[in-house]
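First the structure, in the form of structure tokens, and then the observations on it.
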Amino acid sequence: MVTIRLHNSISRTKEDFVPLDPANVRMYVCGPTVYDRAHLGNARPVVVFDVLFRLLRHVYGESHVTYARNFTDVDDKINARAAETGRDIRSITDETIGWYHADMDALGALRPTQEPRATEFINAMIAMISALIDKGHAYEVAGHVLFDVRSYPAYGRLSGRSVDDMIAGARVEVAPYKRDPMDFVLWKPSDPSLPGWESPWGRGRPGWHIECSAMAYELLGAAFDIHGGGLDLQFPHHENEIAQSCCAFPDAGFARYWLHNEMVQVEGKKMSKSLGNFFTVRDLLEQGWPGEVIRFVLLSTHYRKPTDWTEERAREAEAMLRQWRALVEGAEPTGPDAELAEALADDLNVAGAMARLHALAKAITANPQKDCFYEKGVFLASARLMGLLEPGMGGWTAAPDLAPLATRLSELRATAMATKDFAPVDALKAALVAAGVEVRMSKAGVELVPAQGFDAGKLEALK
RNA sequence: GGCGGGUUGGCGGAGAGGUUACGCACCGGAUUGCAAAUCCGUGAAGACCGGUUCGAUUCCGGUACCCGCCUCCA
């Protein structure tokens, strides 16, 4: 069996991945707060952990992996959106979840096994908060329930900080009722205009971090294998999750492997809502980029390094995918290449896997005599281990029938061969090239293939 | 201020203490009416300064620059 190795943020080293239970490998990834379209930065962890999900299923079996990713549907940003639009909160979150699914589906991401909504786990959160209070890790004050960071000596272990260090440079506005400036909210009161639930501490709503602890516990148990998310969640979100879960369930251990993906950047700066330098996945899809191209670009940099979106990279990705799709047309997937799987198993070395894919492609094209049916099947299955070349990935312009144009070009060419006047041929050829069609003319005849930048609209004018 | 990460050829981007990463682009050749595509082939790197070593882009230390977190954030 392939040994998966993962860089664990807690140890800051690559470790052999040993699941608690190979028959039920469990992964939790922090999902979106559903108040708006997902931007490209939001898509990176989705795609990265989708590859890990596929790899885990490949190694342990499809029915032996549980992947949970939450929807945060209770949050002040959602409340603000409701207030400014006058819309019902549930209709906002439902609509946003629909968008999220559509956009992430377009990127070829498999739906997680579980997609819990925070609002459906309020009771679990209340139970967990109560337990934390009982165990002396949380306290109620001024209608709030706060986590007492001083009660958990390991606080800061994941992010490599001490409570004292953090206080020194803290930019947080410290609420006067906090015992320690780093204490964070588990429960806060809601006035009648805000969504709220009855609790032992009055009508209120949960703080941000408790939902992931509660849902991970409910769905995956007190101890599970992998917890993932963007690097910006490492502190404070994941640190707080660890504090909550480890204090509520001492000795269970919570998540054993912590994975963090680096950020998507725009001109050297993190893509984020607060900087306003973001664009949505939907924007790119509407510009005509196939979701698979977006996926390819996101995967072409290792997940622990920053990456960015550029038109040049997208064009390169599109050209490569067109080539690969043409190569395996009509092939049926067999099993993925072992070397490629090994590369992915090495902390998701997608670049290494891509290099292997290039080598496999070269081996196929170097043997044009054979149809390489088996090799193509391996190639296809290998690509699909990364979620590429899946059937039905939307976004590729449906290829119209180019045969009539090919015939016309062929006839013009035959005439030109006789008359030595190639102007009409060149004119049609130039028009085809302008429409993104690759024109291949040889002694064998004329072949037209949609290429990078293919534009069916421009083709219409030629008819 | 505290903590963490990065700097590879024209561009993107990996692994490995010594042997071609890979892809794109470029250049040369085959091919073509000209091209395109394809095939073959040649170049091109490791921010800077020290150290360890027979040998470092790879390990260690320092410098410079960049980025992230410490505030909602993937």
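Here is the naming used below: chain letters follow the sequence lines, and residue numbers restart at 1 for every chain. Scope of the values below: all heavy atoms of this structure, side chains included, with no hydrogens, waters or symmetry mates.
Side-chain N/O atoms of A/Asp73 and A/Thr119 include a donor and acceptor closer than 3.5 Å. A donor-acceptor contact closer than 3.5 angstrom links the side chains of A/Thr301 and A/Arg313. A/Ser162 and A/Asp164 are not linked by any side-chain donor-acceptor pair at a separation below 3.5 angstrom, with hydrogens and angles left out of the test.
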Sequence-aligned protein contact record of nucleotides 29-42 of chain B, with B where the base is within under 4.0 Å of a protein heavy atom and S where only the sugar-phosphate is: ---SBBBBSSS---
Grab the N/O contacts between the protein and nucleotides 8-11 of chain B below 3.5 Å, and write none if there aren't any.
none

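Here A/Gly268 lies in heavy-atom contact (under 4.0 Å) with sugar-phosphate atoms only. Among the atoms of the strands shown, none is found under 4.0 Å from any heavy atom of A/Lys273. Contact annotation for A/Ser159: backbone-only contact, meaning every heavy-atom pair under 4.0 Å involves sugar-phosphate atoms and none involves a base.
The aromatic rings of A/Phe224 and A/Tyr28 lie tilted to each other, with the angle between the two planes from 30° to 60°. Classified by interplanar angle (parallel below 30°, tilted 30° to 60°, perpendicular above 60°), the ring pair A/Tyr100/A/Phe71 is perpendicular.
Other residues, nucleotides and ligands contribute at most 12 non-hydrogen atoms within 6.0 Å of the CD atom of A/Glu329. Heavy-atom contacts from other residues, nucleotides or ligands closer than 6.0 Å to CZ of A/Phe53 number more than 12.
For A/Lys269, the side-chain atoms get nearest to B/C67 when compared with the rest of B/C67, B/A74, B/A14. Distance from the side chain of A/Asn42 is smallest for B/A74 among the nucleotides B/A74, B/C69, B/C72.
Along RNA chain B, the nucleotide nearest to A/Ser274 and the one nearest to A/Gln265 differ in position, and the one closer to the 5' end is contacted by A/Gln265.
In this structure, B/A47 and B/U63 make a Watson-Crick or G-U wobble pair, each of the two defining distances being under 3.5 angstrom. Across all strands shown, B/C72 forms no Watson-Crick or G-U wobble pair with both key distances under 3.5 Å.
Atom OH of residue A/Tyr155 and atom CG of residue A/Asp148 lie 11.5 Å apart, to the nearest 0.5 angstrom.
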